[in-house]
**Student:** 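Take this structure, written in structure tokens, and hold onto it; I'll ask about it next.
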Amino acid sequence: MPLTSPVGVPLLWTGRSRRSSATEHHAMTVPPAPVRVRLAPSPTGFVHIGNVLVALVDAAIARQAGGTLVIRIEDTDQKRFVDGAEELIYESLHWLGIEWQEAPDRGGPFAPYRQSARLPLYQEHAERLIAQGDAYRCWCSPDRLEQMRFAQQAAKLPPKYDRRCLGMTEAERKALDGYTPDSVVRLRMHDSGSTTFTDPIRGTLAFENGLLDDRVLLKSDGFPTYNLAVVVDDHLMRITHVVRGEEWLPSTPAHLRVYEALGWDPPLIAHTPLLLNADRGKISKRRHPWANMQWFRDQGFLPEAVLNYLGNLIAFVPDTENPAPGVARELFGFDEIAAHFNLASIGPSGKVVDIDRLDWLNGQYIRRMSVEDLAVKAAPFLAAAGYDVNTLPTYRAALALEHERIKRLSQAPQALSFFFDDEEYDPAMLVPRGATAGRALELLDGAIAVCQAVAESGDWTVSTLDDRFRAHAEARGLTTGKLRGQLFGVVRVGSTGRTATPPLFDTLAVLGASVVLRRLSVARNHLESLAAIDGPPAEGQ
RNA sequence: GCCGCCAUCGUCUAGAGGCCUAGGACGCCACCCUUUCAAGGUGGAGAUCGCGGGUUCGAAUCCCGCUGGCGGUACCA
């Protein structure tokens with residue numbers, strides 16, 4: 001029999017938890033409710049990569065339990081609202097391949113799914129809490145609150161509202177200083193005892209009630225704070241599993257207080273680990289562009305790689321090919337994540353984002369792609385860099401040569417640029433290490449002769465170029481790898497402008513005879529100039 | 001300051017009292033392949049399991065304390 005919570009919610013943490021305190025059994029009192037999870041993003045401008053991790057956990061829970069994923073837009077802060085942010089959220093999830101069932105853009109049985117469209121609901125519940133004595137109005141000015149906190153910190157006291165307004169009418173409060181006519185509604189926390197709850201990722205957590213702040217539930221503009229809206233909506237939308245970042249942990253006792261005051265059973269609440277910078281701080285948009293999920297797209301990371309990377313943080317997939325203990329499968333997709341995912345198995349510690357590892361994963365996925373697919377995906381990156389792939393008939397052939405040499409799509413322009421244009425380069429690169437310009441010129445002249453012969457033969461192919469060049473090298477006594485390397489090096493730089501390229505004959509074949517001969521001729525001019533400076537070629541090279 | 005969370009190679013991770021001389025992956029180094037760069041293959045360095053006490057025949061694993069890191073501390077989410 002699976003473990004269930006008091007409300008009959010399947011817990012998705014079978015057997016033991018890594019936290020011993022989380023192993024307590026709950027009696028099954030009610031039939032299991034259908035699993036419903038929600039994504040609660042704020043439309044504040046960009047999609048944070050940490051929210052993507054939460055989204056993946058949500059999606060995995062929904063998939064594993066055959067449940068429903070709901071998107072609810074948390075737009076209760078008018079000041080931070082950014083137009084178009086909601087569309088960006090949908091678009092980002094779509095890019096990642098995460099699917100949802102209920103949302104503002106498609107409706108559902110618990111609509112509306114935008115909190116700004118649910119204001120009366122929150123006001124209603126706030127009134128009820130006030131009537132019950134579980135909440136109260138507060139007319140303290142921001143100034144007064146700030147001074148209060150300052151004094152509390154100086155006195156080494158816990159920072160919390162001092163309840164000056166508790167039990168007062170507006171008229172009574174108005175007579176005192178620090179008054180403002182714009183009132184808020186505060187939640188009344190318990191004076192003593194403690195609040196404990198079990199987070200499936202972290203085990204049982206405890207907070208002392210006397211230290212908890214009377215948080216604002218309803219702002220003076222009539223909008224709810226997250227602390228009210230999240231509870232009302234999660235309950236009304238029948239959410240069974242709440243997953244959110246660890247930064248919410250200190251808010252959870254307040255939420256539980258609202259559930260209690262309203263007489264509702266709380267859902268299972270899990271706090272995922274934070275994504276960290278290399279310096280182990282919380283990831284910041286300012287210093288680390290990858291805080292914004294859009295960065296990954298702009299850099300040419302594939303959605304499969306991003307999903308796989310995050311999946312590595314929340315699921316361990318055993319390697320079926322090598323079933324030895326501790327050996328993991330590193331490459332997997334959403335299906336494997338959903339199959340092996342377990343809330344209790346997510347490590348609770350913060351995760352440093354390792355872009356090197358993502359690069360490796362992305363390279364793996366790029367190499368597994370067809371050239372055709374890669375051609376389509378790389379084209380926008382080339383276009384952004386000013387290269388029109390339609391002007392290069394050999395685009396696909398060139399890309400095939402760079403296929404296993406790029407880790408991000410954004411590297412395609414740099415990798416392919418010399419196929420598009422004759423590029424400037426330092427002529428000194430034409431001279432092999434340990435040789436003179438005169439010697440390089442000699443090697444290049446031989447190479448040009450070979451190329452011309454091949455071009456005239458009408459068979460400008462990899463195998464012919466290979467045969468002729470090897471025969472030529474043999475004839476010139478270039479029998480060692482190093483000596484052949486000098487010859488090939490001159491041709492490589494002369495025809496591409498770089499020292500590192502795909503295999504030389506493949507590259508020459510794709511470039512075509514006329515381009516190669518033109519560039520080698522330019523290279524010849526460079527070497528003549530250099531040789532003139534150096535003086536006559538040295539003997540016996 | 002107050003509250004809370006966290007702690008196994010640089011990073012991600014396996015580990016659930018003996019299978020651990022701590023396994024895998026990225027990164028790093030070397031070699032092989034090789035005309036360069038990659039890719040691929042093989043091997044290597046890298047963790048006294050944060051520290052200190054306990055419990056136990058036996059502790060990375062259980063308990064206590066400490067330290068460090070991080071998060072929260074808003075009429076933001």
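Note: hydrogens, waters and symmetry copies are ignored here, and every other heavy atom, side chains too, is used. A, B, ... follow the sequence lines: proteins, then strands. Residue 1 opens every chain.
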**Student:** Is the base of C75(B) touched by the side chain of Ser220(A) through a donor-acceptor pair closer than 3.5 angstrom?
**Tutor:** yes
**Student:** Have a look at Tyr179(A) and tell me which of Arg144(A), Glu170(A), Arg164(A), Arg173(A) forms a side-chain hydrogen bond (donor to acceptor under 3.5 Å, both in side chains) with it.
**Tutor:** Glu170(A)
**Student:** For the side chain of Arg492(A) and the base of U35(B), is some donor closer than 3.5 Å to an acceptor across the two?
**Tutor:** yes
**Student:** I'd like to know if the side chain of Asn342(A) reaches the main chain of Ala344(A), judged simply by a donor and an acceptor atom lying under 3.5 Å from each other, with no hydrogens or angles considered.
**Tutor:** yes
**Student:** Report yes if a side-chain nitrogen or oxygen of Arg280(A) is closer than 4.0 Å to either non-bridging phosphate oxygen (OP1 or OP2) of C12(B); otherwise report no.
**Tutor:** yes
**Student:** Once you apply a heavy-atom cut-off of 4.0 Å, does Pro503(A) come out as touching a base, just sugar-phosphate, or nothing?
**Tutor:** base
**Student:** Let me know the distance between CZ of Phe469(A) and C1' of U34(B), rounded to the nearest Å.
**Tutor:** 18 Å
**Student:** Would you tabulate the nitrogen or oxygen pairs shorter than 3.5 Å linking the protein to nucleotides 29-31 of chain B?
**Tutor:**
none

**Student:** Hey, can you pull the residues of residues 41-54 of chain A with a non-hydrogen atom under 4.0 angstrom from RNA chain B?
**Tutor:** Ser42(A)
**Student:** If you count heavy atoms of other groups shown closer than 6.0 angstrom to CG of Asp83(A), is the number above 12?
**Tutor:** no
**Student:** Between protein and nucleic acid, restricted to nucleotides 65-68 of chain B and to nitrogen or oxygen atoms under 3.5 Å apart, what atom pairs and distances do you find?
**Tutor:**
none

**Student:** Given Leu276(A) and Ile283(A), is the side chain to side chain contact (heavy atoms under 4.5 Å, CB included) satisfied, shown in steps?
**Tutor:** CA-CA 5 Å; Leu276(A) 271 25; Ile283(A) 211 158; over 6 Å; no
